[in-house]
Amino acid sequence: MGSRPWLHHAAAPRLKSAPEKTPLRTVVCFALLLVWIALPVSAATADQDTVLLTVKRGLTAQLTFTHPSGSLRALPDQSTDAAVLVRLERIGLAQDNAAHRYTLWFFGTVAGQYDLSQWVVQRDGSLLTNDQALPAMQVRVVSDLPPGHGTSLYEIDDPLLRAQGGYRAALIGFACLWAAVPIVWSFIRLRSRQAQPVPATAPPPTLSDRLRPLVQRASQGQLTVEEQSRLEILLYMFWQRRLGLPDSLAEALPVLRRHREAGGLLRALEAWIHADNPSSSALSPATMDALLEPYHAEQAEIADAQSVDAHSEPVSAAVGGTA
């Protein structure tokens with residue numbers, strides 16, 4: 001019984017102090033939570049106010065601004081590996097004609113935030129002075145790739161061409177056929193231009209070849225008057241150049257009969273023409289060769305058709321006279 005007052009005495013102060021400390025602690029925690037949430041939001045809001053444009057990586061965008069100077073240009077000698085590529089274009093005067101209007105084109109290759117005013121310089125490449133400085137032109141380049149996949153547009157190798165099925169083989173075959181057409185055409189044209197072999201031509205007939213059928217027919221008594229005249233003319237024109245015979249055929253025939261070489265064939269011809277019973281058998285080859293021996297090496301060019309026709313009638317008369 002003596003311990004109960006001690007218990008009540010000890011419990012009573014604790015029950016009274018708890019309600020006084022609990023509301024204060026809750027208020028403090030709630031205030032700290034609000035401050036923690038408000039700081040990032042305010043910082044993001046302030047940062048968002050300074051960014052003029054947000055564009056995805058790899059896409060081209062533009063900004064327009066005015067400036068008193070008409071000789072501005074983009075930073076020269078920009079590398080293709082740069083994070084941002086900038087091009088500046090003057091598009092005319094402002095409405096009040098007191099400033100020049102420019103369009104700034106940019107292309108972001110690496111995600112990040114950039115002040116594009118740093119890419120604008122004077123025409124000679126010098127930086128803008130303080131009184132000519134442009135206001136900050138903050139832009140943000142964002143990427144849809146997840147973290148860890150890189151930010152460069154040039155890190156991905158171009159894929160090799162892998163045609164499906166036989167399409168690539170068909171293209172290669174078509175290209176080979178296309179290239180083979182002029183080659184085959186050139187080869188055929190070259191072969192057609194090669195010198196054709198000259199066909200072997202028979203040697204021109206000699207006077208002996210032309211006289212042989214006439215002599216053979218004369219020995220058999222089958223020679224016509226025209227053939228007799230032709231044979232006489234051939235003999236006369238052949239020996240006229242060698243013996244210096246007179247132009248008159250009637251005067252030349254007696255000279256030919258008396259000549260050792262020329263007279264043999266002429267005397268035999270006259271004997272066959274005036275024989276009562278000419279032989280029907282052909283001459284032996286030995287006799288024929290002996291009669292035509294002086295005429296073997298001579299080509300048959302000593303008389304043409306006009307010469308034969310011109311002398312046919314006189315020769316016939318001369319032959320008839322010998323009878």
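Bear in mind the structure is a predicted one, so any value in this text is a computation, not a measurement.
The main-chain N or O of Val51 is never found under 3.5 Å from a side-chain atom of Gln113 such that the two would form a donor-acceptor pair. The backbone N or O of Arg257 sits less than 3.5 Å from a side-chain atom of Arg267, completing a donor-acceptor pair. With hydrogens and angles disregarded, no donor-acceptor distance shorter than 3.5 Å links the side chain of His100 to the backbone of Ser71. Checking side-chain atoms of Thr109 against main-chain N and O of Ala82 turns up a donor-acceptor pair under 3.5 Å.
In this structure, the separation between CD1 on Ile233 and OG on Ser229 is 6.0 Å, given to the nearest 0.5 Å. The CZ atom of Phe107 sits 8.0 Å away from atom CG of Leu59, with the distance rounded to the nearest 0.5 Å. How far CG of Leu243 is from CZ of Phe238: 9.0 Å, rounded to the nearest 0.5 Å. Note that the CE atom of Met137 and the CG atom of Asp115 stand 7.0 Å from one another [nearest 0.5 Å]. One distance of note links OG1 of Thr50 with CG of Leu52; it measures 8.0 Å at 0.5 Å rounding. Once rounded to the nearest 0.5 Å, the distance linking CD of Gln122 with OG of Ser69 reads 5.0 Å.
Annotation for Arg101: atom CZ does not count as buried by contact number, only 12 or fewer foreign heavy atoms lying within 6.0 Å. Annotation for Asp77: atom CG does not count as buried by contact number, only 12 or fewer foreign heavy atoms lying within 6.0 Å.
Val121 has its side chain within reach of Pro76: a pair of non-hydrogen atoms, C-beta onward, lies under 4.5 Å apart.
Nearest heavy atom pair, residue Ser117 against residue Pro135, reads CB-O, 3.6 Å. Across Val141 and Gly108, no two heavy atoms sit closer than the pair CG2-CA, 4.0 Å. What you find for Val84 and Trp119 is that their closest heavy atoms are O-NE1, 3.7 Å. In terms of heavy-atom proximity, Arg123 sits nearest to Arg73 at O-CD, 3.2 Å.
Under the 4.5 Å side-chain heavy-atom criterion for grouping Ile, Leu, Val, Met, Phe, Trp and Tyr, Leu93 is not connected to Leu104 through any hydrophobic cluster. The hydrophobic cluster containing Trp105 does not contain Val110, counting ILVMFWY residues as joined when their side-chain heavy atoms lie under 4.5 angstrom apart, directly or transitively. Taken together through direct or relayed side-chain contacts under 4.5 Å among Ile, Leu, Val, Met, Phe, Trp and Tyr, Leu214 and Leu266 form part of one hydrophobic cluster. Leu85 and Val142 fall into different hydrophobic clusters, where Ile, Leu, Val, Met, Phe, Trp and Tyr residues are linked whenever their side-chain heavy atoms come under 4.5 Å apart, directly or through other members.
Between Phe65 and Tyr102, the ring planes are parallel. Angles under 30° get that label, and only those over 60° would be called perpendicular.
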Q: Could you walk me through whether Val86 and Leu75 pass side chain to side chain contact (heavy atoms under 4.5 Å, CB included), step by step?
A: CA-CA 8 Å; Val86 175; Leu75 191 68; over 6 Å; no

Q: Begin with the C-alpha distance, continue with both residues' side-chain angles, and end with the deciding distance and a verdict on side chain to side chain contact (heavy atoms under 4.5 Å, CB included) for Leu177 and Val181.
A: CA-CA 6 Å; Leu177 290 177; Val181 169; 5.7 Å; no

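Among Thr54, Val55, Leu63, the single residue meeting the side-chain contact (heavy atoms from CB on, under 4.5 Å) criterion with Val139 is Leu63.
A donor and an acceptor atom, one from each side chain of Glu89 and Gln62, are nowhere located under 3.5 Å apart.
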